[in-house]
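Residue numbers begin at 1 in each chain, while the letters A, B, ... track the order of the sequences. From a predicted model like this one, the values you see are computed outputs, not experimental measurements.
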Amino acid sequence: MFPKTPDISEVFEKFDEGSEVVIRGWVYRIFKVGGKVFAWVRDHSGYIQVVFDKSCLSSDWDFVEKLTRESSVEVKGVVRIDARAPGGKEIVASNLIVYGYSPPFPIKGGEDIEYLLNVRHLWLRSRQMIALLKIKHTMIQALRDWLIKNGWWETTPPILTGSAVEGGATLFEVKYFDKAAYLSQSAQLYLEVLIFPLNKVWALTPSFRAEKSRTRRHLSEYWHLEVEAAWYDMEDMMKVAEDMVSYAVAKTMEERKEELKLLNRDTSKLEKALEIPYPKITYDEAIKILQKKGFNIKWGDDYGADEEKALTEEFETPFFVTHFPKHIKAFYMKEDPKRPEVVLGFDLLAPEGYGEIIGGSQREDNYEKLYNRIIAEGLNYQDYEWYLDLRKYGSVPHSGFGLGIERLVMWVSGIEHIRDAIPFPRWRGRIYP
RNA sequence: GCCGGGGUAGCUCAGCCGGGUAGAGCGCCGGGCUGUUAACCCGGUGGUCGGGGGUUCAAAUCCUCCCCCCGGCGCCA
C-alpha cells in the first residue's frame, strides 16, 4: 500500500513554513538555472514549485538532472514561503523518488488541433482540460442531485435497440448475434415505458448519432440526460427543465470558480441564468423576430444555425421556444388540442449564441393519433407495437425532455467547441484515441 | 453530402503564383548561467515535401486521380 500523501492544494492550505511534507504528482514545468532545478509538480488539485538544491538533497542528484516534463515523482521536502514561487509557496526538496521518467512530452504549446486530437490521451493533462473535466463532473453531480432530491427515479434503459426513435439514417448499426441492432439515439421511448411502474424517471446514458455533421455543436457520441413523467404537461416539464438547469449553473459557479476563471469565463453572464422562470416565446413569435431581423424565413420553416444564433442574441438568459409546426418535429409529440397544426414541443436555448441544450415535449397519448403519425412518417409500425401498447394499457398524459450534457458544459464553460466538453470526442472520422 | 481552407524537420510554418542542390523559429542533444515563471546565451542535430500517375533535361512547385485533417452548412441534444 502507498502511504497517503496530501493533495498539492492542501500544501498551500494546511502546511506552514518549515513543515515537512511529501507530495506525489507529475512534473509540469522544469527550469534549470545555475546550480538549481525548479520543477512545477502537478496533481489533480493544482501545482507547486519544487526547488532542487544539491546542498539540501539527500537522494542522488543524477535523478534530478534527468527529470523531464511529465515524469511521475514523489518529493519529500520542507515548505517555504517565497514570493518568487507561483502561488507564493514552494517545497525545498530533501528527497526525490522517480516512478517513471517521460521522454520529451509531445505537447509543448502551439500545436494545431489535428495534432492535439491525436495526442488527446496526453492533452487531457493540460490545465484547461483538467478544468473542463471538473466542471463536467460538478454539472452532472448537480443535475443528479436535483433529480434525486425531487423524487425522480434513476433508471437504466438499453443502449442496444432494435429500432430507431427518429429517422433511420443516423443510426449506428452493430452486429447483434445473427441480426442487426442499433446503438441508442435516445432512451425516450424506454423511459416512457418506465413511467408506468415509476411515475417520474430519468436516465443518464450515452446517445449515438451517425450524422455526418461537421459543426462545433455535434458529437457522434454524447451524454444524454433524459427525464420523463406521468401527469406532467408541457408547462410542468418546462418548469423541471429550468429548475434543474439553473440549479446546476448555480452549483457550478459556486464549486468551480477557479476552473471558470482559468477558462476566462465571464461569469456575470452566467449569473443571469440563475433567475427563473426563463422567458418563453412561441415558434410563431420566433419567426416574427427573425423576420424583423431580416431573415428570409416563413412560418413552417425550421430555423437553421444562423437563425438560432440570432434568436439567442435577443436574450441574456436561457429561453424556451414552444409550439412548433407539427411537420418539423418528431412523431411522438402531442398535437396542441387548440391548434392541430402545432405540437406541444419545446426547446431550451442557451444565450450567447450557444443555442439548443434541451429538446422536449408532451407526448402523444392517444393510440389512434400516435398510430397515424407513425404511418404518416413512413415508419414500420411493427417496430413500435410495444410503444403503442403504452397508449392501450392505461394511457396517461405525460411529458419529457432530453438534455445534451456536453452542450450544457460547453455553454457554462464558455468554450468554442463541443469536443472539449468530452474527454474522448467522437465524430465522423474520429475514433482515436 | 455540399462549400471553403489545408497536408513541407518531433512541433508551428515559409518556400509553390513565375520549376533549377530543402529553409526559419521552437523542441531535442551538448556547453554556459546563483531564483526560473512559455527563462536566457553559444554550438550541434534534424526531411520518403500526404500517396499514386503524368509533363519536363529537371517537380515541394505544373497537370491528374486518390487519401486524410480543419472550418462552415443541413440534421439535432
T215(A) vs P104(A), nearer the 5' end of RNA chain B by closest nucleotide: P104(A)
Comparing G359(A) and F105(A) on RNA chain B - which has the more 5′ nearest nucleotide: F105(A)
Non-hydrogen atoms of P325(A) and G300(A) that approach each other most closely: CG-CA, 4.0 Å
Just to be sure I understand the geometry, which residues of [range] put a non-hydrogen atom under 4.0 Å away from RNA chain B?
range	answer
residues 420-433 of chain A	W427(A), R428(A), G429(A)
residues 63-87 of chain A	R80(A), D82(A), R84(A), A85(A), P86(A)
residues 132-145 of chain A	none
residues 275-309 of chain A	D302(A), G304(A), A305(A), E308(A)

Ring pair (Phe, Tyr, Trp, His ring centres under 6.0 Å) involving F401(A) - partner list, sequence neighbours excluded: none
Verdict with reasoning, R265(A) to E352(A), per salt bridge (charged side-chain N to carboxylate O under 4.0 Å, His left out): CA-CA 12 Å; R265(A) 183 61 167 122; E352(A) 301 173 67; 2.9 Å; yes
Run the salt-bridge test on [X] and [Y] with the 4.0 Å N-O cut-off and return the result as yes or no.
X	Y	answer
K298(A)	D301(A)	yes
R24(A)	E74(A)	yes
K293(A)	E314(A)	yes
D347(A)	K329(A)	yes
E228(A)	R363(A)	yes
E90(A)	R84(A)	no

Going by the rule salt bridge (charged side-chain N to carboxylate O under 4.0 Å, His left out), which residues pair with [X] if we only count those two or more places apart in sequence or in a different chain?
X	result
E341(A)	R339(A)
D243(A)	K239(A)
E242(A)	K280(A)
R127(A)	none

For [N], which nucleotide is its Watson-Crick or G-U wobble mate, given both distances must be under 3.5 Å?
N	value
rA39(B)	none
rG19(B)	none
rG1(B)	rC73(B)
rA24(B)	rU12(B)

Checking only heavy atoms, does the side chain of [X] share a donor-acceptor pair with the base of [N] at less than 3.5 Å?
X	N	result
Q49(A)	rU37(B)	no
E90(A)	rG35(B)	yes
K36(A)	rG35(B)	yes

Side-chain donor or acceptor of R430(A) paired with backbone N/O of P425(A) under 3.5 Å: no
Any donor-acceptor N or O pair under 3.5 Å, side chains D53(A), S55(A): yes
Test item: side-chain donor near acceptor, H44(A) and D7(A), under 3.5 Å: yes
Hey, is the side chain of [X] poking within less than 4.0 Å of OP1 or OP2 on [N], counting only N and O atoms?
X	N	value
H218(A)	rC73(B)	no
R214(A)	rG71(B)	yes
R217(A)	rC76(B)	no

Check: protein-nucleotides 22-24 of chain B nitrogen or oxygen pairs below 3.5 Å:
none

Protein-nucleotide distance ([X], atom [atom1]; [N], atom [atom2]), rounded to Å:
X	N	atom1	atom2	answer
I113(A)	rG6(B)	CD1	P	19 Å
L117(A)	rC69(B)	CG	C1'	10 Å
E114(A)	rU12(B)	CD	C1'	13 Å
R216(A)	rC73(B)	CZ	C1'	13 Å
L225(A)	rA77(B)	CG	P	14 Å
D112(A)	rG10(B)	CG	P	15 Å

Find out whether [X] and [Y] are in side-chain contact, i.e. whether some heavy atom of one side chain is under 4.5 Å from a heavy atom of the other.
X	Y	answer
L408(A)	M139(A)	yes
S207(A)	Q185(A)	no
D420(A)	W123(A)	yes

I'd like a list of close polar pairs between nucleotides 38-49 of chain B and the protein, N/O only, cut-off under 3.5 Å.
from	atom 1	to	atom 2	distance (Å)
rA39(B)	N6	K32(A)	O	3.2

Side chain to side chain contact (heavy atoms under 4.5 Å, CB included) partners for E416(A), two or more places apart: R216(A)
Residue R209(A), side-chain atoms from C-beta onward, closest of rU36(B), rC76(B), rC70(B): rC76(B)
Proximity to the side chain of H224(A) - top-ranked nucleotide from rG71(B), rC69(B), rA77(B): rA77(B)
